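For reference, the structure discussed in these notes is given below.
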Amino acid sequence: MKSLSLNEKHKDFFQQVFEVVKLIPKGRVTSYGAIARYLSSASASRMVGWAMNTSHTHENVPAHRVVNRNGLLTGKAHFSPPSLMEELLKAEGIEVREDKIVDFEKYYWDPTEELKL
DNA sequence: AGCTTGACTTTGA
DNA sequence: GTCAAAGCCAAGC
């Protein structure tokens, strides 16, 4: 697979979401809105969540690194065991308390800032 | 073919 | 600070 689209500019929204999610560095997290805004508009953040729902068809999609803008593990309920998301984050050195990422801003990874240009 | 729901965000009151 | 409403695109009924 190539990195980001150079020739291929016509991809499905979901596919683009998956690419960005895959590009999230280990030990980092991002928000649905950040991805949505990077792709198009921030309001499309719902589609990112929707895409994650279909992410089960993709293997290398670290959905556990994607949380809402509050740093809350909103999608944890959708994991095989709901606690898996928290476990995966902790395994990467991210501290989680009450289903919420501690020092979220510290681990926050914004594609519009990191992948710009 | 049309309406409802959804792992969300932003803006306004 | 909280609460309510609009916006976005796709899948499901």
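Note that these values count all heavy atoms, side chains included, but never hydrogens, waters or copies made by symmetry. Each chain gets a letter, A, B and so on, in the order the sequences are listed, and its residues count up from 1. Small disclaimer: the values here were computed from a predicted structure and weren't measured.
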message: With side chain to side chain contact (heavy atoms under 4.5 Å, CB included) as the test, pick out the partner of Lys76(A) among Thr74(A), Leu73(A), Leu72(A).
response: Leu73(A)

task: Measure from CG on Asn70(A) to P on dA7(B) and round the result to the nearest Å.
output: 16 Å

Close N or O pairs between protein and nucleotides 10-13 of chain B (under 3.5 Å):
from: dT10(B); atom 1: OP1; to: Arg37(A); atom 2: NH2; distance (Å): 3.3

task: Please measure how far the P atom in dT5(B) lies from the corresponding atom in dA5(C), and state the result in whole Å.
output: 16 Å

query: If you take all heavy atoms of Ala44(A) and Phe13(A), which pair is closest and at what distance?
result: CB-CZ, 3.8 Å

statement: For Val102(A) and Tyr107(A), the nearest pair of non-hydrogen atoms, with its separation, is O-CE1, 3.4 Å

message: Rounded to whole Å, please give me the gap between CZ in Phe79(A) and C1' in dA7(B).
response: 9 Å

- line: Shortest non-hydrogen pair, Ala34(A) vs Tyr108(A), comes out as CB-OH, 3.1 Å

- request: Return the value, rounded to whole Å, for the distance between atom CD1 of Ile35(A) and atom P of dC8(B).
  value: 12 Å

query: Which pairs, with at least one residue in residues 49-72 of chain A and sequence neighbours excluded, count as a side chain to side chain donor-acceptor pair (under 3.5 Å)?
result: His64(A)-Glu92(A), Arg65(A)-Glu92(A)

message: Output the rounded distance in Å from CE (Met52(A)) to P (dA7(B)).
response: 13 Å

query: Base, sugar-phosphate, or nothing: which does Ala63(A) touch, judged by heavy atoms less than 4.0 Å apart?
result: base

statement: Taking a pair to mean Watson-Crick or G-U wobble geometry with both distances below 3.5 Å, dG2(B) pairs with dC13(C)

field: Any donor-acceptor N/O pair, Asp110(A) side chain to Thr112(A) backbone, under 3.5 Å
entry: yes

query: dC8(C) C1' sits how many Å from Gln16(A) CD, rounded?
result: 15 Å

- request: Just do the side-chain contact (heavy atoms from CB on, under 4.5 Å) check on Leu39(A) and Met47(A) with the steps written out, would you?
  value: CA-CA 11 Å; Leu39(A) 296 177; Met47(A) 278 40 296; over 6 Å; no

- request: Can you tell me the pairing partner of dT9(B) across any strand shown, Watson-Crick or G-U wobble, with both distances under 3.5 angstrom?
  value: dA6(C)

- request: Let me know the distance between CG of Asp12(A) and C1' of dC8(C), rounded to the nearest Å.
  value: 16 Å

- request: Rounded off to whole Å, could you give me the CG-to-P distance for the Asp110(A) and dC8(B) pair?
  value: 18 Å

- request: Name the nucleic acid region contacted by Asn68(A), choosing base, sugar-phosphate or nothing; use a 4.0 angstrom heavy-atom cut-off, strictly under.
  value: sugar-phosphate

Filtered N/O pairs between nucleotides 10-13 of chain C and protein, under 3.5 Å:
from: dA11(C); atom 1: O4'; to: Trp50(A); atom 2: NE1; distance (Å): 3.1

- request: Return the minimal non-hydrogen interatomic distance between Ala51(A) and Val17(A), and the atom names on each side.
  value: CB-CG1, 4.1 Å

- prompt: Is a side-chain donor or acceptor of Thr30(A) paired with a backbone partner of Trp109(A) at a separation under 3.5 angstrom?
  reply: yes

